[in-house]
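The structure appears right after this line, and notes come after that.
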Amino acid sequence: MSNEVLLVLSILIIYGSELLFFKLFGKYGLYCFTSIATIAANIEVLIVIKAFGMEMTLGNVLFASTFLVTDIISELYGKKEAKRAVNLGIATSVVFIVLSQWWLLYTPAGADFAMPAMKTIFSNTPRLMLTSMIVYAIVQRFDVWAYHKWWEFTEKRFGTREKFLWLRNNGSTLISQFLNNLLFTFGAFLGVYDMRTLFSIIISSYVIFIVTSLTDTPFVYLARKIYTKEKKKVS
């Protein structure tokens, strides 16, 4: 199966899984998914692939899914709960950094086969995770702020809180994703790759982020539909 097909399928699978978590567990499912995506994305981002004629790191879709989480929570539960999801992602990063580095302190037995691979992967984890944590804290808080600013604008301009969900969703996420992409790429890979590769990663990653940002809009609408339906059942 080609990288291109795998990337397209990953969008559907990851966003679909996020919606399933929300359907089954409500906002707590979204909090849980934030932790999963935060850990998995920072491991997956170590892999560089070529797809659609561009070099790019993996982890883009998982990172994008955390923006989908905050947008859904902002829409349905408000700014305070969205900030809680951001704080959970930061806490998850801190715990994972500590645990992954603690594993490397052990002396493996002669029969061990996993430690060399673990060292290869997690020796780079502190820089990636610290960069990701800092960038995540900055950008996700900006995204929550921008989402509600767009909401204030559409409500004031058009006199409704319900409509123009697509505008506040994409208006906040596209700007946030560009900021995320720029800060993370330089923070994580400056000195690892040459400048040409860095800019190639930035451009290709943002192209993917544009696609993932536009693709997540139907999932926000579906989440709101699920929320409204469940609320009617309760009442």
Item checked: Test side-chain hydrogen bond (donor to acceptor under 3.5 Å, both in side chains) applied to Tyr31 and Glu81, step by step -> CA-CA 10 Å; Tyr31 292 149; Glu81 295 299 322; 2.4 Å; yes
Notebook entry, point to check: Val144 and Phe184: same hydrophobic cluster, using ILVMFWY side-chain contacts below 4.5 Å?
Noted result: yes
Notebook entry, point to check: If you look at every heavy atom in Pro116 and Phe113, which pair is closest and at what distance?
Noted result: CD-O, 3.8 Å
Check: Side-chain heavy atoms under 4.5 angstrom apart, residues restricted to Ile, Leu, Val, Met, Phe, Trp, Tyr: same cluster for Ile13 and Val69?
Finding: no
Margin query: Looking at Phe122, is its backbone amide N or carbonyl O close enough to the side chain of Gln101 to form a donor-acceptor pair, meaning the two atoms are under 3.5 Å apart?
Written below: yes
Check: Rounded to the nearest 0.5 Å, how far apart are NZ of Lys225 and NZ of Lys229?
Finding: 7.5 Å
Next item on the list: Kindly check if the number of other-residue, nucleotide or ligand heavy atoms within 6.0 Å of NZ (Lys79) is above 12?
Entry: yes
Notebook entry, point to check: Hey, do the aromatic rings of Phe67 and Phe209 have their centres closer than 6.0 Å?
Noted result: no
Item checked: Result of checking Arg161, Arg168, Lys163 against Glu155 for side chain to side chain donor-acceptor pair (under 3.5 Å) -> Arg161
Next item on the list: Measure from the ring center of Tyr227 to the ring center of Tyr77 and say whether it is less than 6.0 Å.
Entry: yes
Next item on the list: Decide if atom CH2 of Trp166 counts as having more than 12 heavy atoms of other residues, nucleotides or ligands within a radius under 6.0 Å.
Entry: no
Checklist line | Same cluster (ILVMFWY, side-chain, under 4.5 Å), Ile201 and Tyr136 | finding: yes
Next item on the list: Please work out which of the three classes, parallel, tilted or perpendicular, describes the rings of Phe25 and Phe21, given edges at 30° and 60°.
Entry: perpendicular
Note to self: Main chain of Trp151, side chain of Thr154: is a donor-acceptor contact present, judged purely on distance under 3.5 Å?
What the structure shows: yes
Checklist line | Thr131 versus Gly187, closest heavy-atom pair with distance | finding: OG1-O, 3.4 Å
Margin query: Can you confirm whether more than 12 heavy atoms, excluding those of Phe52, are under 6.0 Å from its CZ atom?
Written below: yes
Item checked: Side-chain heavy-atom pair Asp194, Thr197 within 4.5 angstrom cut-off -> yes
Item checked: Taking every non-hydrogen atom, the tightest pair across Ser65 and Ile14 -> CB-CG2, 3.8 Å
Note to self: Is it the case that the side chains of Ser213 and Thr173 hold a donor-acceptor pair, with the cut-off being a distance below 3.5 Å and no angle test?
What the structure shows: no
Check: Is it true that a side-chain atom of Ser200 and a backbone atom of Arg196 form a donor plus acceptor pair closer than 3.5 Å?
Finding: no
Margin query: For a quick test of reading the model, state the closest non-hydrogen atom pair linking Leu104 to Ser100 and the distance between them.
Written below: CG-O, 3.5 Å
Checklist line | Closest approach of Ala85 to Thr34 (non-hydrogen atoms, all atoms of both residues) | finding: O-CG2, 3.7 Å
Notebook entry, point to check: Would you call the rings of Phe189 and Tyr193 parallel, tilted or perpendicular if under 30° counts as parallel and over 60° as perpendicular?
Noted result: tilted
Margin query: Checking the side chain of Tyr206 only, and the main-chain atoms of Leu174 only, is there a donor and an acceptor separated by less than 3.5 Å?
Written below: yes
Notebook entry, point to check: Do Ser172 side-chain atoms and Asn169 backbone N/O form a donor-acceptor pair below 3.5 Å?
Noted result: yes
Next item on the list: Could you tell me whether the side chain of Glu18 and the main chain of Phe33 form a donor-acceptor pair under 3.5 Å?
Entry: no
Checklist line | Check: Phe219 and Ile72 side chains under 4.5 Å, non-hydrogen atoms | finding: no
Check: Taking the side chain from Tyr15 and the backbone from Thr212, do they hold a donor-acceptor pair closer than 3.5 Å?
Finding: yes
Margin query: Distance check, rounded to the nearest 0.5 Å: Tyr221 atom OH versus Glu75 atom CD?
Written below: 8.5 Å
Checklist line | Spatial distance of atom OG1 (Thr38) from atom CD1 (Ile43) [nearest 0.5 Å] | finding: 11.5 Å
Checklist line | Gap between atom CD1 of Ile90 and atom CD of Gln140 - 0.5 Å precision | finding: 9.0 Å
Notebook entry, point to check: Does the side chain of Ile11 reach to within under 4.5 Å of the side chain of Val211, using non-hydrogen atoms?
Noted result: yes
Check: What's the spacing between Trp145 CH2 and Trp150 CH2 if we round to 0.5 Å?
Finding: 10.5 Å
Checklist line | Asn181 versus Ile202, closest heavy-atom pair with distance | finding: ND2-O, 2.6 Å
Notebook entry, point to check: So do the side chains of Glu44 and Asn60 get within less than 4.5 Å of each other, counting heavy atoms only?
Noted result: no
Note to self: When you compare the side chain of Leu58 with that of Leu7, does any pair of heavy atoms fall below 4.5 Å?
What the structure shows: yes
Next item on the list: State plainly whether one hydrophobic cluster holds both Leu76 and Leu222, where clusters connect Ile, Leu, Val, Met, Phe, Trp and Tyr through side-chain heavy atoms under 4.5 angstrom apart.
Entry: yes
Checklist line | Same cluster (ILVMFWY, side-chain, under 4.5 Å), Val139 and Leu68 | finding: no
Margin query: Rounded to the nearest 0.5 Å, what separates atom CD1 in Ile138 from atom CG in Asp143?
Written below: 13.5 Å
Next item on the list: Consider only side-chain N and O atoms of Asp71 and Ser74, and report whether a donor and an acceptor are under 3.5 Å apart.
Entry: no
Next item on the list: For the residue pair Met195 and Phe186, establish whether any side-chain heavy-atom pair is separated by less than 4.5 Å.
Entry: yes
Checklist line | Donor-acceptor contact below 3.5 Å, side chain Asn180 vs main chain Ser176 | finding: no
